[in-house]
Student: 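Sharing a structure with you now.
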Amino acid sequence: MKKVLILILSVVVMAGSLWADNRKQIKRDQLPKAAQHYVMNNWNNVAISYCWQEIDGYKIEYTVRLVDGTTIEFNRDGGWKEVESSVAIPESAIPAAIRTYVKQNHRGAAILKMEKDSRGYEIELDNEKELQFDKKGNFLR
């Protein structure tokens with residue numbers, strides 16, 4: 001029984017150390033250019049708290065944390081995957097069709113989270129409503 005417990009503990013420690021080696025803090029200028037532009041164009045007056053690069057096999061992702069609490073995740077090319085904030089996400093960072101839909105159908109609501117994947121977008125509003133859009137920004141549900 002003790003051997004099994006020691007083996008499990010060893011595996012957990014090794015897995016943790018492997019994960020730690022795959023994630024490292026980087027400087028702003030080490031982000032892909034597209035990610036740098038996205039942050040500068042939409043959060044120009046907000047300083048970056050830190051940037052992380054995470055490598056998992058062939059998959060590379062970046063995370064940027066701003067001093068206002070906003071977290072932005074990027075893919076290896078610098079395209080945003082997820083934006084989450086405790087304050088409203090700037091309108092300039094939101095795809096136009098989604099921005100228009102929210103303004104027309106949820107007056108006064110702020111977008112606090114948006115996720116993008118191969119199927120489309122998922123949006124969370126400050127009134128706790130979740131909305132889904134296709135890749136073109138057309139409302140689904």
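For reference, positions follow the sequence shown, starting with 1.
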Student: Which of these, Ile48, Val67, Val64, Val83, sits in a side chain to side chain contact (heavy atoms under 4.5 Å, CB included) with Trp43?
Tutor: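 Result for side chain to side chain contact (heavy atoms under 4.5 Å, CB included) with Trp43: Val83.
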Student: Would Ile55 end up clustered with Phe74 when hydrophobic side chains under 4.5 Å apart are linked, directly or stepwise?
Tutor: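 Linked within one cluster.
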Student: Could you give the distance from CE (Met40) to NE2 (His37), rounded to the nearest 0.5 Å?
Tutor: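 That separation rounds to 5.5 Å.
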Student: Tell me whether Asp126 contacts the main-chain N or O of Ala110 through its side chain, where contact means a donor paired with an acceptor under 3.5 Å.
Tutor: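 Checked: pair present.
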Student: For Tyr101, check ring-ring contact (aromatic ring centres under 6.0 Å, His included) against everything at least two apart and list the hits.
Tutor: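 With neighbours one apart ignored, the set is Phe133, Phe139.
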Student: To the closest 0.5 Å, what do you measure between CG (Leu131) and CG (Leu125)?
Tutor: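 Between atom CG of Leu131 and atom CG of Leu125 there are 4.5 Å.
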Student: First locate atom OG1 of Thr63, then atom CD1 of Ile72, and finally report the distance between them rounded to the nearest 0.5 Å.
Tutor: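 Separation between the atoms: 10.0 Å.
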Student: Mind checking whether Cys51 and Ile26 have side chains closer than 4.5 Å, heavy atoms only?
Tutor: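 With C-beta onward as the side chain, the pair touches.
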Student: Above 12 or not: heavy atoms from other molecules or residues under 6.0 Å from CD of Gln25?
Tutor: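 Atom CD in Gln25 is crowded, with more than 12 foreign heavy atoms closer than 6.0 Å.
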Student: Are Val39 and Leu66 side-chain neighbours, meaning at least one heavy-atom pair lies under 4.5 Å?
Tutor: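 Heavy-atom side-chain distance check passes, below 4.5 Å.
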Student: List in chain and number order the residues that pass side-chain hydrogen bond (donor to acceptor under 3.5 Å, both in side chains) with Glu91, two or more places apart in sequence or in another chain; answer none if no residue qualifies.
Tutor: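 Partners of Glu91 under the side-chain hydrogen bond (donor to acceptor under 3.5 Å, both in side chains) test: Lys103.
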Student: Side chains of Pro32 and Tyr62, heavy atoms from C-beta outward: is any pair under 4.5 Å?
Tutor: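 Yes, their side chains come closer than 4.5 Å.
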Student: Using only atom types and a distance under 3.5 Å, with no angle test, would you say the side chain of Glu54 pairs donor to acceptor with the backbone of Glu61?
Tutor: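 No, because the side chain of Glu54 does not come within donor-acceptor range (under 3.5 Å) of the backbone of Glu61.
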Student: In terms of side-chain geometry, is the basic nitrogen of Asp117 or Arg119 positioned less than 4.0 Å from the acidic oxygen of its partner?
Tutor: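 Looking at Arg119 together with Asp117, the answer is yes, because their closest N to O distance falls below 4.0 Å.
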Student: Between Met114, Lys116, Glu130, Lys129, which is the residue that forms a side chain to side chain contact (heavy atoms under 4.5 Å, CB included) with Ile123?
Tutor: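 So, applying the side chain to side chain contact (heavy atoms under 4.5 Å, CB included) to Ile123 and each of Met114, Lys116, Glu130, Lys129, only Met114 qualifies.
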Student: Among residues at least two apart in sequence or on other chains, which ones pass salt bridge (Lys or Arg N to Asp or Glu O under 4.0 Å) with Lys113?
Tutor: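 Counting only residues at least two positions away or on another chain, Lys113 forms a salt bridge (Lys or Arg N to Asp or Glu O under 4.0 Å) with Glu82, Glu115.
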Student: Quick one, Val46 and Thr70 - any side-chain contact, counting heavy atoms below 4.5 Å?
Tutor: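 The answer is no, as the side chains (C-beta and beyond) never meet within the 4.5 Å cut-off.
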Student: Which atom pair, heavy atoms only, marks the closest approach of Gln36 to Leu31?
Tutor: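 Between these two residues, the closest heavy atoms are NE2-O, 2.7 Å.
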Student: Do Glu124 and Leu112 come within less than 4.5 Å of each other through their side chains, counting heavy atoms only?
Tutor: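 Result no, sub-4.5 Å side-chain heavy-atom pair not found.
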Student: Are the side chains of Ile111 and Ile98 in contact, using a 4.5 Å heavy-atom criterion?
Tutor: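 Yes, close enough: below the 4.5 Å cut-off.
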Student: Between CZ of Arg65 and CD of Glu84, what distance do you get to the nearest 0.5 Å?
Tutor: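 Atom-to-atom, Arg65:CZ and Glu84:CD are 8.5 Å apart.
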Student: Check whether any side-chain N or O of Tyr38 sits under 3.5 Å from a backbone N or O of Ala93 as a donor-acceptor pair, and report yes or no.
Tutor: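 Yes: the side chain of Tyr38 pairs with the backbone of Ala93.
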Student: Mark yes or no for whether Asp134, through its side chain, and Lys136, through its backbone, hold a donor-acceptor pair below 3.5 Å.
Tutor: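 Indeed, once roles are kept as given, a pair shorter than 3.5 Å links the two residues.
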